[in-house]
Amino acid sequence: MSDILNQLAEVLESRKGASPDSSYVAKLYDKGLDAILKKIGEEATETVMAAKDGNREQIVYETADLWFHTMVLLAQQGLGPDDVINELGRRFGVSGLEEKASRGEK
């Protein structure tokens, strides 16, 4: 699974130096953090709406868009999928309640 995420991360990294006219991702990078965050918000909303509708195909489609735009954010911030996978690995086997408590959340 992480192979495709790492391949995508490589492509996203390569788009950092590209002309905004040459790719959608380069255009997002050029517009800056706020544009990337706006896309993540839009995709999160669309994912929620697909789930509320119970459309499994649309849930997968919108989740892919959400993951993609989140990957753009990670790359823009100098992070990658391994950073998130490592954090998930750190949490694995830890009760969600315990993990939240360790961060001072209720």
Side-chain angles (χ1 to χ4, degrees):
M1 173 182 72
S2 64
D3 286 347
I4 191 67
L5 295 178
N6 286 322
Q7 290 172 18
L8 176 57
E10 288 176 18
V11 171
L12 295 176
E13 193 64 32
S14 74
R15 298 293 196 269
K16 283 184 175 179
S19 165
D21 296 331
S22 68
S23 87
Y24 171 73
V25 172
K27 188 176 289 189
L28 276 177
Y29 287 145
D30 187 60
K31 289 181 179 180
L33 181 60
D34 285 346
I36 296 167
L37 296 175
K38 181 178 177 186
K39 282 304 296 179
I40 291 171
E42 290 171 8
E43 299 304 343
T45 299
E46 290 170 3
T47 302
V48 168
M49 291 168 56
K52 293 287 265 178
D53 290 343
N55 183 331
R56 293 170 56 90
E57 184 176 303
Q58 199 65 25
I59 292 167
V60 169
Y61 182 88
E62 297 300 346
T63 300
D65 281 351
L66 178 57
W67 286 16
F68 175 83
H69 287 91
T70 301
M71 293 273 300
V72 172
L73 170 66
L74 290 172
Q76 194 262 353
Q77 295 290 309
L79 299 164
D82 287 340
D83 295 297
V84 177
I85 290 168
N86 290 339
E87 176 60 17
L88 290 172
R90 183 191 70 76
R91 295 180 187 186
F92 191 77
V94 175
S95 158
L97 296 175
E98 290 174 20
E99 199 280 329
K100 283 185 159 225
S102 75
R103 293 184 284 149
E105 292 183 27
K106 293 181 181 183

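- By the salt bridge (charged side-chain N to carboxylate O under 4.0 Å, His left out) test, E43 is found to be paired with K39, residues two or more places apart in sequence or in another chain being considered.
- L37 and M71 end up in the same hydrophobic cluster when Ile, Leu, Val, Met, Phe, Trp and Tyr side chains are linked at under 4.5 Å.
- Screening residues 54-65 for side chain to side chain donor-acceptor pair (under 3.5 Å) gives Q58-E62 as the qualifying pairs, with residues at least two apart or on separate chains.
- More than 12 heavy atoms of other residues, nucleotides or ligands sit less than 6.0 Å from atom CG of D53.
- Closest approach of I40 to L66, counting heavy atoms only: O-CD1, 3.7 Å.
- Taking all atoms of both residues into account, the shortest heavy-atom contact from Y29 to E13 is OH-N, 4.4 Å.
- Other residues, nucleotides and ligands contribute at most 12 non-hydrogen atoms within 6.0 Å of the NZ atom of K31.
- Side-chain heavy atoms closer than 4.5 Å link hydrophobic residues (I, L, V, M, F, W, Y) into clusters, and following such links, even through other members, never connects M49 to W67.
- The CG atom of D21 sits 9.0 Å away from atom CG of D30, with the distance rounded to the nearest 0.5 Å.
- The CD1 atom of I85 sits 12.0 Å away from the CD atom of E87 when rounded to the nearest 0.5 Å.
- Taking each heavy atom of H69 and Y24 in turn, the nearest pair found is NE2-OH, 2.8 Å.
- Under the side-chain contact (heavy atoms from CB on, under 4.5 Å) rule, L74 has a single partner from V84, I36, D82, D83, which is V84.
- Of all heavy-atom pairs between A18 and A26, the closest is O-CB, 3.7 Å.
- By the rule that hydrophobic residues join a cluster once side-chain heavy atoms approach within less than 4.5 Å of another member, V72 and L33 end up as members of one cluster.
- Rounding to the nearest 0.5 angstrom, the gap separating the CD atom in Q7 from the CD1 atom in I4 is 4.5 Å.
- Residues L8 and V60 do not share a hydrophobic cluster, clusters being chains of Ile/Leu/Val/Met/Phe/Trp/Tyr side chains in contact below 4.5 Å.
- Cluster membership check: I59 does not share its hydrophobic cluster with V48, using side-chain heavy-atom separations under 4.5 Å among Ile, Leu, Val, Met, Phe, Trp and Tyr.
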